[in-house]
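For reference, the structure discussed in these notes is given below.
If you're wondering where the values come from, they're calculated on a predicted model, not measured in any experiment. Naming convention: chains lettered A, B, ... in sequence-line order (proteins, then strands); numbering from 1 in each chain.
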2 protein chains.
Amino acid sequence: MAGMSKARGRPRTFDRDAALEAAIRLFWERGFEATSLGELTEAMGIRPGSLYAAFGDKKALFREAVEVYGRSPVGSFPARALAEEPTARGAVSRILREAAAVYADPSHPAGCLAISAATNVTAQDDEIAKFLRDVRNAGLAAIEERLRRAQEEGELPAGADASALASYFATIVQGLSQRARDGADAAELSQVAELALAAWPDGG
Amino acid sequence: MAGMSKARGRPRTFDRDAALEAAIRLFWERGFEATSLGELTEAMGIRPGSLYAAFGDKKALFREAVEVYGRSPVGSFPARALAEEPTARGAVSRILREAAAVYADPSHPAGCLAISAATNVTAQDDEIAKFLRDVRNAGLAAIEERLRRAQEEGELPAGADASALASYFATIVQGLSQRARDGADAAELSQVAELALAAWPDGG
DNA sequence: TCCATTCTTGAGCAGTCACTCAACAAATAG
DNA sequence: CTATTTGTTGAGTGACTGCTCAAGAATGGA
C-alpha cells in the first residue's frame, strides 16, 4: 500500500476493466450459467488461462461483475436515490421512475443484472443464486429502513406499515425488471411506475 | 378415435402422468436448462430411452409440462378469475390475492413456473425462452382485454388507461412470483397484493 | 406358434462444460 | 548478464450434456 512499487513480472496485455465490462454485459444478457467460459473469453478477448489468472474462476468473475455493476450508475440508482433525496416519498418515486427508464434503456441489456442473472441455476451453483438473493433482500431492507426513518420523522403516517410498503415497492422494482426483459418499453414501464406510486399513504 | 382398440405392443410400465408431474416439479424448481436429463430420469423413475419414446425430447417435455401446469389449479387461477368473476375489479383482486397465497404455498416450488423457468437460457434454447415470454404476454393481454370490456360496460371510468393498468397488474404478479422465490411468505405477499389494489381508479 | 408392434434397458455417442498446465514471453531486481 | 516473477498461449483434462440405438421383453393378432 505504501510503496506503490513498480509491478514485477510480465505486465498484463489486456485492459482488465474493459474485459470485466464485457463479462458484465454477457452475464447481464444471459445470466450466470447460460454464459459459457468460451463466450466469456471470446467477448473479453483473452484465453482461459488469462481469465483464471486475472479473475479466479467463473464464480469469482461473476461476483466481481455484480460488484462493479452495483457501483455503476445503472446498478446504483436505488442506493443513490435513498441517499440523496430529502424525503422517503421522493426517494421511492425516483427509484421507480429511474427503474422504468434504466431497465428499458436499449443501450444495454434489459432489466437488472442482480434481479435476473441467477434465477435458473444448477444445484452446484446454488451459492451464486443465494448471493444474488441476498443482494436483492438487502435492497429491500434499505427501502424499509428509509421508510421507518420517515415514520419516526413524521413524514410517513404512524399507522402505515413500513415493512409492507417496502415489500410492495421491491415487488414493483423486480416486476419492472422482468417486464423490461419481456420487451416492455420505457413508456409502458413509466406508466406502471406512476400507478404504483398511488399506493403511497395519503394518495398520489 | 372411433375404434378405441386395445393398445398393441408392450405396454408402458410407468405412469405417464405421474412421471410428467415429477418433471413439472423439477422444471418449476430449477428451470429448463438447470434441470438435466439425469435428474429428470431419476425423478421420473425411467431411463432416457423411455423418456424420449414417451415425450419426444427435453424441449417437448418442457412444453408439455408447461401446458399441464397451465391447466392445473395452481397454474390456471388467473384465467379462472377472469372467467368467473362478474366484475373486472373482482377478477383482478382475486388474481392478486390468489397469487400471494399460491406462489408462497410451501407444498410446491415457489412462484410461477411460466414466470421463472426460462429466464436464464443459452442461445440454442432461445425458443424456449420465447415460448414462456409469449405465455406471459398472453396473460397480460387477457387482463387488458378484461379491463377494456369493463370500460365499455362502464365499470371502469372512461378516463382510465386500461393498457397501463393491465401492465401494472401484470408487473405485480411477476413481482410476487419473484419475491416468493426469494423467500417471502404468504402473509408478506398478501400485504403487497392489498397495497397494489390501491391503484384501482376511484380508490381501494 | 409366430409375427408385428411397442416399450425398456444399458451401453455409449459426439459435443460441450469449467478448468489446468507445461512451455514460452516479458517485465524487474541484483 | 542471471534469477525471479508474472502473464500468455494452446493443447488438453475428466466430467457432464442431451440424446441414440441395438438387443431383449411384453403385449395383441392371425
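Rounded to the nearest 0.5 Å, atoms OG (B/Ser116) and CG (A/Asn120) are 6.5 Å apart. In this structure, CZ in A/Arg16 is found 8.5 Å from CE in A/Met44, a value given to the nearest 0.5 Å. Between the CG atom of B/Leu176 and the CD atom of A/Gln174 there is a distance of 10.0 Å, given to the nearest 0.5 Å.
Put simply, the side chain of A/Tyr168 gets close to the backbone of A/Ala196: a donor and an acceptor are under 3.5 Å apart. A donor-acceptor pair under 3.5 Å is absent between the side-chain atoms of A/Arg149 and the main chain of A/Glu144, judged by distance alone.
We find that OH of B/Tyr52 is positioned 17 Å from P of C/dT9, with the value rounded to whole Å. The distance from atom CZ of B/Arg8 to atom C1' of C/dA4 is 6 Å, rounded to the nearest whole Å. Protein atom CD of B/Glu42 is 15 Å distant from nucleotide atom C1' of D/dC16, rounded to whole Å. The nearest whole Å value for the distance from the CE atom in B/Met44 to the P atom in D/dC19 is 13 Å. In this structure, B/Gln124 places its CD atom 9 Å from C1' of D/dG18, rounding to the nearest Å.
Taken residue by residue, residues 15-40 of chain A places no heavy atom nearer than 4.0 Å to DNA chain D.
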Can you check nucleotides 8-12 of chain D for protein contacts, nitrogen or oxygen pairs under 3.5 Å, and list what you find?
from: D/dT8; atom 1: OP1; to: A/Thr13; atom 2: N; distance (Å): 3.0
from: D/dT8; atom 1: OP1; to: A/Thr13; atom 2: OG1; distance (Å): 3.0
from: D/dT8; atom 1: OP2; to: A/Ser50; atom 2: OG; distance (Å): 3.2
from: D/dT9; atom 1: OP2; to: A/Arg47; atom 2: NE; distance (Å): 3.4
from: D/dT9; atom 1: OP2; to: A/Arg47; atom 2: NH2; distance (Å): 3.4

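With respect to the salt-bridge test (charged N to carboxylate O, under 4.0 angstrom), the residues A/Arg89 and A/Glu155 do not qualify. With respect to A/Arg30 and A/Glu39, a salt bridge is recorded, a charged nitrogen being found less than 4.0 Å from a carboxylate O.
Taking the side chain to side chain donor-acceptor pair (under 3.5 Å) definition, one finds that B/Gln151 meets it with nothing, sequence neighbours left out.
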